[in-house]
Amino acid sequence: MTIFDASRPGRRGVELPAAKTSTPAGLAEGELRRDLAWPELSEPEVIRHFVGLSRKNHAIDVGFYPLGSCTMKYNPKINEEMARLPGFAALHPLQPEETVQGALQLMWELQRDLAEITGMDRVSLQPAAGAQGEQTGVLMIKAYHRARQDLERTEVLIPDAAHGTNPATASLAGFDVVEVASDKRGGVDLEALKAKLGPKTAAVMLTNPSTLGLFEDNIVEIARLTHEAGGLLYYDGANLNAILGKCRPGDTGFDVVHVNLHKTFSTPHGGGGPGSGPVGVKEHLAPFLPGPTVGQDESGFHLVVGGPQSIGRMRSFYGNFGMHLRAYTYIRALGKDGLTTVAEDAVLNANYLLHLLKDRLTVPYERLAKHEFVVSLPKAIKEQTGVRTLDVAKRLLDFGVHSPTVYFPLIVDEAMMIEPTETESKETLEAFAAIVGTVLDEAVRDPEMVKTAPHTTPVRRLDEARAARQPDLRYRPQ
Amino acid sequence: MTIFDASRPGRRGVELPAAKTSTPAGLAEGELRRDLAWPELSEPEVIRHFVGLSRKNHAIDVGFYPLGSCTMKYNPKINEEMARLPGFAALHPLQPEETVQGALQLMWELQRDLAEITGMDRVSLQPAAGAQGEQTGVLMIKAYHRARQDLERTEVLIPDAAHGTNPATASLAGFDVVEVASDKRGGVDLEALKAKLGPKTAAVMLTNPSTLGLFEDNIVEIARLTHEAGGLLYYDGANLNAILGKCRPGDTGFDVVHVNLHKTFSTPHGGGGPGSGPVGVKEHLAPFLPGPTVGQDESGFHLVVGGPQSIGRMRSFYGNFGMHLRAYTYIRALGKDGLTTVAEDAVLNANYLLHLLKDRLTVPYERLAKHEFVVSLPKAIKEQTGVRTLDVAKRLLDFGVHSPTVYFPLIVDEAMMIEPTETESKETLEAFAAIVGTVLDEAVRDPEMVKTAPHTTPVRRLDEARAARQPDLRYRPQ
Amino acid sequence: MRFTPHTAAERAAMLDALGFSEVMDLFADLPAEVRLGRDLNLPLGMPELELDRHVRSLADKNRHLGQMPSFLGAGAYDRFIPAAVSEILRRTEFYTSYTPYQPEVSQGTLQAIWEFQSLVAALYEMDVAQASLYDGATAAAEAMMVAVAETGRQGVVVARSVDPQVRSVIRTYAQGRSLQITELALDEDRCDLLELDRLLTDQVAVLIVQQPSFLGAIEPVAEMVESAHRVGALAVVIADPIAHAWLKPPGAYGADLAVGEGQGLGVAPSFGGPYVGLMAARQGLVRRLPGRIVGRTVDVDEKPGFVLTLQTREQHIRRQRATSNICTNQGLIALAATVYMSLVGPEGLRQVALLSHEGAEDLKGRLLAIPGVTALGPAKTFYEFAIRLPKDAREVNRRLLADGFIGGYALAADYPELGAGSWLLAVTEKRTKDEIAAFAKAVADAL
Amino acid sequence: MRFTPHTAAERAAMLDALGFSEVMDLFADLPAEVRLGRDLNLPLGMPELELDRHVRSLADKNRHLGQMPSFLGAGAYDRFIPAAVSEILRRTEFYTSYTPYQPEVSQGTLQAIWEFQSLVAALYEMDVAQASLYDGATAAAEAMMVAVAETGRQGVVVARSVDPQVRSVIRTYAQGRSLQITELALDEDRCDLLELDRLLTDQVAVLIVQQPSFLGAIEPVAEMVESAHRVGALAVVIADPIAHAWLKPPGAYGADLAVGEGQGLGVAPSFGGPYVGLMAARQGLVRRLPGRIVGRTVDVDEKPGFVLTLQTREQHIRRQRATSNICTNQGLIALAATVYMSLVGPEGLRQVALLSHEGAEDLKGRLLAIPGVTALGPAKTFYEFAIRLPKDAREVNRRLLADGFIGGYALAADYPELGAGSWLLAVTEKRTKDEIAAFAKAVADAL
Ligand SMILES: Cc1ncc(COP(=O)(O)O)c(C=O)c1O
Ligand SMILES: Cc1ncc(COP(=O)(O)O)c(C=O)c1O
């Protein structure tokens, strides 16, 4: 039942002080609306409705969530507590600076810490998510070339394994996307890269470790080639969790990075956001950063608006401050020691789980994994039984775990992309491997069971084709 | 899996600043303990464990909870928000009075408001729950008689329909319990009462409306008879929700009352507490009240310890302040208008639901109900099918509602005690009546289905006999 | 470590299973020259007890809206948030889940978003709405991109009375596709309609206006939309959700897209974010919308359920040909708004808006009664309004802060043409009569 | 109304179905003479916006522990509470459910209580524990009742070094059954063992001692328990859970019942409540215990599950013959303690206790170095200790408050024999070295 179906005219979930008038004075009839077709409910009904909805969700705090590329790590509860302090939550973004020194200090320290962690020179916290971080970065690259009167650089090179936001961003920034093939080891094919680099190259966008969970060990060479061709190197920080304290993108030749605070820095994913995608740049790109950023002088902390070459604002105010605050709390909780342990345990967990699964699933690249790995459903199973990766993913749901990311990256057939994260225990990994084993056995023994899964979830397999063919996108009274 | 089974030695859910020493200095070996057999887990594991447990509970915010006598009404969210303000939650009970004037004011106002609502002269907020309120009241009655040198009053009269806490309390206070039968209309049988009242009578304990949900319309006569016999009249306030703003126990002859803040005044039930059971008394019992209570003078609010005749403390400090605070917030939210509406809607809901069910269930007393009502499973069903009230209660759980209180009061065969409360909607009542109808149909059509219920709950019917025969009351390592 | 379960013994056992002897073996694939041969230059980790103290000490360096009555708006508002909203946001099943890629175990999130879409569409009286954007500013920019794609044109006309931050974001987004942006000037305190007719050519893809405007003015939006349509341009209306409890909604006068900032709908000001961008459109544009969209369908047992739909618009399917690059949006904040809208209902929203309006009219009357204070122009306003002080507004704000008030927004930095005394004030339902009166008096004293 | 769904139309429809014409018909069974013929003398209800403001204004009239370092204990402690505890307490499935009468839909509550019992039993090294009591004071009183029932005797010996509030509650509970209470005197700062032997007769049902005592002293509990057993009395030890991270647990020296106040285990001081009483016992007493007990069993499918058990002890079955009258206990607070104990684990609890102990030793050293300040006696102490000031302790507390500190507990009101300068101080893991040093200096200045 939707909240609209639960509505009864005249119910109220909130009462307010009495108004003196019954309509806004001075507005003409023609300026006023007639009706507002919202539901009407009491507070208990609203609570029961949304509590009921919540109980239909899987979540990190409910069970294992190895959704590759998304870094579904535990979200510490202290972060939530701190974010709700009125000294942060009840700040207007345009209050006088002298009344928000604590907030500005926090942002300033976070800028500095993210610069240190990524090995970059300057950071802006403004982008609202990873994709907006990319957009910021690519627009800065565009502005950089333009400022140098280097006007023919219309192409952005992107590996075929890349996340969809990378090509979408490059295109949104007005670039042509040139796909670069991967080599047999799952890395960027250096020959292919060389062939595509040239005077039109504005940038190369990479994530490292790649979406295959593999460290791009040619990275220094890639950076050299890119720079030689006059392009800049963009770092998609979605996979930063793997290398915290071990290696810094800035030290490996990247010119711009974004980081996803909602991945590496434990801010909650919220059912799909809010995220936060700060960008870091090397000094040569600093003039193009979006403003305001936070600066410090003897009188305290200040908002510094972008200079004349700045690409301008990416969104209103200073970004998702509530997420900055959580990420800051997390960084302070862990410190340099803890962040390094995060990377170590994330990589250990991925390799251990890969080890537990490698005899049952096809491993396309037999290399050391970083924080995640990609495997395929064995061809033999698919051919013999007709069971597909999607079916396996759905069947896993019946066992109380979330499924891995599936069918991504696109270059691996029947891909399952598995990212356990460092916050999962050895037992959980072993239990998950056992579940996968059970499902694979079942796929052979009783393929229908798997093909018609899930069976025990709040709803069963949904008709997505019908949803797209006959879009029912909002409530309409019958 | 219990939290002990999930433990792994060396895990930690909380880190603390480093200590300088490794054991408490100066303590002899023989004074120290060896081992502390507690589980060891990380924060994510602890959270997942308890979130998982929570999801196995029914609760008011999950669905209908018509547990008679317990007043499972909606608990407003603003109460929880206010209770967590550091200005309340972070107060030490022994702080200097000048630093807790807001807390004392709140308690003072609550004392005054509860006195007004119940029609009593003085209130103490100290008792921690209803049962302790009873104990407080009965001990005051004992002290009262003793102070008057009226030393032969050893009996407390209690209706046979009463809640178990009433006789247990009287006995704990050193009284003999004398049971008074109910009459055909479900009220106290006046003749039986007269026969049992006498020089040994210390008190009569009643709840009104009674546990049958019926208003004791002879109440004035009962009070007169009790007082004539030299006894005092005790009011168990568990059912106060029915008469808020309509009638006050103090005006109908009661000498002592307790109220359950966790019932009538919406403080959460917490899976079995904390409750709060303030007591109110008429002036003649005031000297016996437990201290401290809160008083006011020109310099502010003060804690006033009990006088020489006080029965003494019932518990440490001033009672469950966190519950006082929620009840206070609730009373201010509703005000005189809202509290009266509560009683009206609570009674309306009970009568409406009774109306919807009366053709399907046996109604022992065909009278106007107050906030709740008692019905029985029809004898015919029981005899034909062997299905009992317990089975019906269990089967209801499969439909996502909580069952009513069953087999209480003891004087009604196969009793179901149903209290919808005022916070439920008409649709919910109708849906519940339909579910009951379905289950009763099923009882006839497919009695096994009902007798083996529940079928869809986290566990099915549990072996309570085994639990009592072979008590397994704590974790023991294998 | 408290957030990671492994003990030293477990790590050793796992490494052993992998045939490794030490943790650094896991990083053997990092070429020596890229390894960070030192510790990060960060402090050591803090136990929660110290961390809590430290972060609170930063919070305590701020003075917050609970401590000073505020009349500052300009895009973020100090509105009342019922406790029930945060109760739902704290449900871990909502905040620790992610984009509902597996709908069978994400019906909570999916249905809530579908309800959000329904509420936003109803608010704006548009055919459809999508699942949220980063904020109101990016929503406006994304709407512009939709219009550009739909019309194949490159011209953009943005009213100067649109929030300057929103205009700035629009300009940033326009850089990528080299769009031509023209600003529609002010006539006193509203859009210049004569100028509008001059700017609207057949090169124009879209007209972007704000209702009420950044200056608080109720704009003649219906006429403006009509003018845009006359040249084949689309009309995007940035529509404040609270004021639209009463104002005629964009759908009622033919806007093609309605967008807005949802912060007023139960979201804490939180120093500027996270907020939530709203976007609704007419049916014909649905396949051009950016970001997520949830649709209702049925499962194999014909039981109704919800899924992400029309995904062929999206980056993970369409890659460089996607309608936008959005992946993570503002899910949890959309949920907050959904709970808020459900709680207040139509009557509650009207009352919130009416109380704000009454307060604003009261304050406006009091301020305009102060000698030397004048109106910017003839526009009607709703809960936010601009006036002109006989003194620099920044100076007045400083005086007011000393008196314990957060004053209005000094407009001159964005609108030099309005003069140093131009000042924008917002009144919400949280401001009491006494606060308004005291503030007006403090302003008079400060002049 | 916001908490009740009915609209006027629905009320009318429901009344109509009942054959009534107005709401007062529902109260026709109230005799005219008992009806309240007027409105309650209370204010009108407040919208949440005003209510929030009003209740916050009361909170703001208090000065809380986050604003002033406190050295006050005496039964309630300012300890660190990890954020994860309140996350679980805010799960509505826990806080809006009730006593698990239907175990099939209450496994969350039941298992959590069973784990609470297990943790408490392990802490005290006793065989069993029950599901919580109102607080530490009533737990002690209930333990006394168990001993009285078990022995059939009426005598009770309570150490004078037991918390005076606990002694007061014991006296109150004793009134009902006319028990004879004798107080075991102090010898300097500990129990007088010679006096104990005089008091222990074959009339004595129970000896009640506290470890560490209210004065902070580590008492010779093992000897005392032995003495009690020698005369056939039971021994009840009131055992502080934090100090017992290190101290030998009651079960290790044969106590019959161990009880305690659980506030230190993750529960906010909250002006004195709600707290939670702990009670554990040796196996032989299990059927005499008060209150709820949860047991593990299996369901019809042999799946493990939990139920309320041994209910024949309880009031709802046994009525006047029940072991106690307890119905509602402190379920949610027991849950808080359970989550806390699970988070800190054995090492965490030891560290909390050790940090507190180190701080207390530091403070004690600093204070005893001030001329005129003396120890009460030779007892060892843990994190709370008593000293004697050369001035009235209440006066010193007033001075300290002016300096921004909450001072200790002035003992003279409860222990006139210790003099006006006697003062009890507690140090928890929250107190920093700097706070301790500053406090010691402020004390020196105040003398
Ligand atoms: C590799 C990669 N790049 C970019 C993104 C986009 O980040 P966001 O969702 O924060 O916009 C993601 C998100 O899943 C990702 O996995
Ligand atoms: C009628 C009645 N009296 C007394 C009580 C005892 O109250 P408490 O559980 O708060 O101790 C109850 C509780 O259910 C009750 O229903």
Side-chain angles (χ1 to χ4, degrees), chain B residues 13 16 19 24 36-38 40 50 53-54 56-61 82 85 87 89-91 93 99 102 128-129 131 164 167-169 171 173-174 177 215 252 268-275 312-313 316-317 320-322 334-336 338 347 352 425 457 459-460 462-463 467 472 474-475, chain D residues 5 14 26 29 34 40 42 44-45 55 58-59 61-65 88 91-93 95-99 104-105 107-109 118 121-122 134 137 165 168 172 176 268 270-274 295-297 299 305 309 315-316 319-320 322 325 328-332 343 345-346 348 351 354 357:
Chain B
L16 287 150
L36 175 53
W38 276 3
E40 300 177 54
F50 289 103
L53 289 187
S54 75
K56 297 182 177 177
N57 270 4
H58 187 79
I60 296 173
D61 286 349
M82 296 298 100
L85 292 174
L91 295 184
T99 66
T169 299
S171 157
V177 173
F215 193 83
T252 67
H269 282 78
R313 289 189 161 277
S316 53
F317 307 119
N320 283 338
F321 174 76
L334 293 180
K336 58 181 169 189
V347 172
Y352 187 69
S425 68
T457 45
V459 292
R460 297 189 47 218
L462 288 151
D463 189 343
D472 176 3
R474 59 172 291 198
Y475 176 78
Chain D
M14 291 167 80
L26 294 165
D29 53 349
V34 306
L40 287 170
L42 293 173
L44 285 169
V55 180
L58 291 179
K61 287 187 188 169
N62 304 318
R63 288 175 67 191
H64 62 76
L65 295 171
I88 297 299
R91 293 287 300 170
T92 192
E93 292 93 333
Y95 83 81
T96 76
S97 59
Y98 196 27
T99 306
E104 296 86 355
V105 292
Q107 287 296 301
T109 293
S118 301
Y134 302 137
Q165 297 205 22
S168 171
T172 306
S270 196
F271 205 48
R296 182 158 58 174
T297 183
D299 75 359
T309 193
Q315 45 75 27
H316 64 285
R319 301 180 75 84
Q320 56 267 34
N325 67 340
T328 297
N329 56 22
Q330 299 288 113
L332 196 72
L343 278 169
Q351 212 174 340
L354 189 58
H357 177 71

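First the proteins, then the strands, lettered A, B, ... as listed; each starts at 1.
- Of the residues considered (Gly275(B), Gly13(B), Gly338(B), Ala37(B)), Gly13(B) shows the highest number of contacts with chain D, using heavy-atom pairs under 4.5 Å.
- Across all non-hydrogen atoms, the minimal contact from Pro268(B) to Tyr95(D) is CB-O, 3.1 Å.
- Most heavy-atom pairs under 4.5 Å with chain B: of the set His316(D), His357(D), Gln330(D), this distinction falls to Gln330(D).
- Qualifying ring pair (Phe, Tyr, Trp, His ring centres under 6.0 Å) partners for Tyr98(D), counting only residues two or more places apart in sequence or in other chains: His269(B).
- Considering every non-hydrogen atom in both Arg460(B) and Glu104(D), the closest pair reads O-CG, 3.5 Å.
- Interface remark: Thr309(D) contributes side-chain atoms only to the contact with chain B (heavy atom separation under 4.5 Å).
- Taking Gly271(B), Ala131(B), Gly87(B), Ala90(B) one by one and counting their heavy-atom pairs under 4.5 Å with chain D, the maximum is reached by Gly271(B).
- The shortest heavy-atom contact between Pro274(B) and Asn320(B) is CB-ND2, 3.8 Å.
- Options Ser171(B), Ser54(B), Ala19(B) differ in how many heavy-atom pairs under 4.5 Å they form with chain D, and the most are formed by Ser54(B).
- Put simply, of Gly102(B), Gly335(B), Ala128(B), the one with the most heavy-atom pairs under 4.5 Å next to chain D is Gly102(B).
- Between chain B and the options His64(D), Lys61(D), Gln107(D), Arg63(D), heavy-atom pairs under 4.5 Å are most frequent for His64(D).
- Using a 4.5 Å cut-off between heavy atoms, Leu16(B) contacts chain D through both its backbone and its side chain.
- Ranked by heavy-atom pairs under 4.5 Å with chain B, the first of Gly348(D), Gly345(D), Ser168(D), Ser270(D) is Ser270(D).
- When Gly176(D), Gly295(D), Ser97(D) are compared by the number of non-hydrogen pairs under 4.5 Å with chain B, Ser97(D) comes out ahead.
- Comparing Asn329(D), Thr96(D), Leu332(D) by how many heavy-atom pairs each has under 4.5 Å with chain B, the most go to Thr96(D).
- The contact between Ile88(D) and chain B is made entirely by side chain atoms (from C-beta outward), counting heavy-atom distances below 4.5 Å.
- Counting heavy-atom pairs closer than 4.5 Å to chain D, the top residue among Gly174(B), Ala173(B), Ala89(B) is Ala89(B).
- Minimum interatomic distance between Ala59(D) and Leu85(B) (heavy atoms only, all atoms of both residues): CB-CD1, 3.9 Å.
- Contact annotation for Arg91(D): only side-chain heavy atoms (C-beta onward) come within less than 4.5 Å of a heavy atom of chain B.
- Side-chain contact, Thr109(D) with Asn57(B): a donor N or O sits under 3.5 Å from an acceptor N or O.
- The candidate with the highest count of non-hydrogen atom pairs below 4.5 Å against chain B, out of Ala268(D), Pro274(D), Gly331(D), is Pro274(D).
- In this structure, the side chains of Phe271(D) and Asn62(D) stay at 4.5 Å or more apart for every pair of heavy atoms.
- Looking at Glu93(D), its side chain never comes within 3.5 Å of a backbone N or O of Lys56(B) through a donor-acceptor pair.
- The shortest non-hydrogen separation linking Thr92(D) to Ala59(B) is O-CB, 3.7 Å.
- Taking chain D as the reference chain and counting heavy-atom pairs below 4.5 Å, the highest number among Ala129(B), Ser316(B), Gly312(B) is found for Ser316(B).
- Summarising the geometry of Gln315(D) relative to Ala168(B), their closest heavy-atom pair is CB-CB, 3.6 Å, with the distance given to 0.1 Å.
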